[in-house]
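Step one of this worksheet: look at the structure below.
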Amino acid sequence: MSFPLNAPQREAVRYADGPLLVLAGAGSGKTRVITAKLAHLIERGAAPARLAAITFTNKAAREMRERAARLLGGQGKAEAARAVHVSTFHALGLAILRAERKALGLKPSFSIFDPADLEPIVAELVATADRARARAALWRISGWKNALVSPQAALATAEGDDALAAARAYVRYAEALAAYQAVDFDDLIVRPVELLERDAAARERWQQRFEHVLVDEVQDTNAAQYRLLRLLAGARARFTAVGDDDQAIYGWRGATLDNLAQLARDYPSLKVVKLEQNYRSTVRILRCANALIANNPKLFDKRLWSELGHGDALRVTPAADEEAEAELVVHALVAHRFEHRGRFADYAILYRGNHQSRAFETALRAQGIACVVSGGQSYFERAEIKDVVAYLRLVANDDDDPAFVRAVSTPRRGIGQTTLAKLSEVAARRDESLFAAVFAPEFRAAAQPKAREELERFCALVGDLRFRAPREPAGRLLAELLAGIGYEDWLLATLDKREAQARARSVAEFAAWLARRGDEDGKSLVELTQMIALITMLDGRDDDAPDAVRLSTLHAAKGLEFPHVFLVGLEEGILPHREAIDAGTVEEERRLMYVGLTRAQRSLHLSYCRSRKRAGQRVDCVPSRFLKELAQEDLRYAGQTLPPDEAAKARAAGSDRLRQLKALVAKG
DNA sequence: TAGAGATTAGTTTTT
DNA sequence: CTAATCTCTA
């Protein structure tokens, strides 16, 4: 880490008085530039607390925090490192929202709804019982919000029944959320943007708050995030935007490369620095990556180069099906590790979709090899955690009806559909929360005495915790809550022992985490509860990870690097994904493949299946078009001499015959 | 009302 | 072929 910065890196670090765009190729040391720049700005006299480094994911924020701590800590400025505002866009939005909540009509303890909470609300707004329909409408609404399209504008431009229904729902959406004193993920960006645009004083305050803003992965910002950046930068426009147009992989979430082009138009004095020296990969890996991405139209011309030597050829391996592929990869991995005397943690298996992890998990487990799966179901999405968090949310905010419903029915306490239906009817008529409706005279009259008693006991428990929340440590309150509701007993009673113990353990882990964060950072239960909605992974989880192979989606792997990478499932329909082919967004898939290739430092294995099970049926697969776009002289095809398309043709004939035979056998 | 079995959908990426 | 939803019974 004590290498000197190269010339463009140095330039990027020192240019601090105006708008700067750093086009940082994969592995060109962009995190290093950002942390070095933080140090440089502090050196020049900037107050650390007035520097903001904004990332896209929690993982990136954590990494940035650690790197800054290491760099500044080494200069005896550990305090400064802690003072710098390093967070995701969403966490920054939350901070603004909390500070400005009065102007936005939110109580201090507003809730943050995740898509699961929003789905039933939107279902009601579009008057459907179909979950898929509700989700589609929610998706549309989110798209409009991220593109800063108002409900009225959406209504005016919506075409087609579904879009129109979604637009009508959008018109009433904000009002619905306000009733719950809740915001959604998009609001964390959009509401601050709206506020800063209409309120000059607030805008001035926040522009003063941050003297210099550094943004990582700008190519992944959507319209709302870009606007927030501009509002924070203000007229002084002291910001450093770092990104790589070749790694833009969040178009499906509203990110748009237009922002990168817009930057130059919005800031005529924009300085552009390119980082093209790659410090990560071998020449052959880079040559393939360059060859692949050359098939995309270029926004900025950029060519990565490396001084790390030629390295091994990239291996391309076909497999019979996903199980064979998993076995093959695991065997190759074990052999490779043995030969190089490496660690399992040096290896990553990367794939397009989460469901692809399964075959590899089983194959690794069969060999007794540990693995860490990232990008899968996040910690806070696990049922037991959501159960507990529902209580916390309800303690924080009694208008939070989704949390009420979940908490009141886990563990089961004799309150079922009938009672809840009655309660929500009363709540709707009185225009108040479910929590409040428990005490409404008409509900008390209508409800069964037993259910009523249980409900009141439940509300008393929640009320007691709420009363004590501001004064007492979060950890103790949670421990008491868990004991009070008999959560562990309930788990043991409803699940088999193994599962129950696993869940109890993860709840205990969560409780410990909450207690720690509460004590160390002095965060209240309410603050912690709001933060939880934004966190996808437990901090410091990797530290206690044993020597384990990393399994990850390509999206979740961005920003990471591994000595040895297996890129699997390289088939038409998988990568590029079928939906992307149909939607005509293959370029983004190509960038995804590019991200995958450039994660590798020294060796890269590519594999694909000749057939795959889809909904129980065996389906033939065609090797990904991207394989043909690589630098063929750097590839070595295993198990065949034919190039992939020829081989596929040859196999198709063979596998047809095989299938016919199998069908005959099945018939007897 | 709650839990166990039957049925029936569905397959991208995430703050 | 799963995994989640739905229906039915105790």
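Scope of the values below: all heavy atoms of this structure, side chains included, with no hydrogens, waters or symmetry mates. This one's a predicted model, so the numbers in the text were calculated from it and none came from an experiment.
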Without decimals, in angstroms, what is the distance between [X] [atom1] and [N] [atom2]?
X	N	atom1	atom2	value
A:Q448	B:dA2	CD	P	11 Å
A:D184	B:dT15	CG	P	15 Å
A:Y351	B:dT11	OH	P	18 Å
A:R135	B:dT12	CZ	C1'	13 Å
A:I249	B:dT15	CD1	C1'	14 Å
A:I581	B:dT11	CD1	C1'	14 Å
A:D114	B:dT14	CG	P	15 Å
A:W252	B:dT12	CH2	P	11 Å

(message) Are A:F113 and A:F185, when compared by the centres of their aromatic rings, separated by less than 6.0 Å?
(response)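 No; A:F185 has its ring centre 6.0 Å or more from that of A:F113.
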(message) Quick check: A:F404 with A:Y180 (ring centres under 6.0 Å apart)?
(response) no
Check this one for me: any side-chain N or O of [X] less than 4.0 Å away from OP1 or OP2 of [N]?
X	N	value
A:N58	B:dT15	no
A:T553	B:dT14	yes
A:N354	B:dT14	yes

(request) Determine the contact category for A:I415: base if any of its heavy atoms lies under 4.0 Å from a base atom, sugar-phosphate if only primed atoms, P, OP1 or OP2 are that close, otherwise nothing. (result) sugar-phosphate
(message) Between B:dT13 and C:dA4, how many Å separate the two P atoms, rounded to a whole number?
(response) 14 Å
(request) Give a yes or no on this: more than 12 heavy atoms of other residues, nucleotides or ligands lie within 6.0 Å of atom CD of A:E124. (result)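 For A:E124, atom CD is not crowded (no more than 12 foreign heavy atoms under 6.0 Å).
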(message) With a 6.0 Å cut-off (strictly less than), is the heavy-atom count around CD of A:E119, excluding the residue itself, greater than 12?
(response)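 More than 12 within 6.0 Å, yes.
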(message) According to a cutoff of under 5.5 Å between the ring centres and under 30° between the ring planes, does A:F56 stack with the base of B:dT15?
(response)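 No, aromatic ring not over the base.
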(message) With the six-membered base ring of B:dT14 as reference, does the ring of A:H555 sit under 5.5 Å away with planes under 30° apart?
(response) no
(request) Could you tell me whether the side chain of A:R131 has a donor or acceptor atom within less than 3.5 Å of a complementary atom in the base of C:dT5? (result)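 Answer no: no donor N or O sits under 3.5 Å from an acceptor.
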(message) Does either side chain, that of A:S142 or that of A:D186, offer a donor lying less than 3.5 Å from an acceptor on the other one?
(response) yes
(request) By nearest nucleotide on DNA chain B, pick out whichever of A:R412 and A:T88 is the more 5' one. (result)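 With A:R412 and A:T88 compared, the 5'-side residue is A:R412.
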(message) Pick the closest DNA chain B nucleotide for A:T57 and for A:W490 by heavy atoms, then say which residue is nearer the 5' end.
(response)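 Residue closer to the 5' terminus by nearest nucleotide: A:W490.
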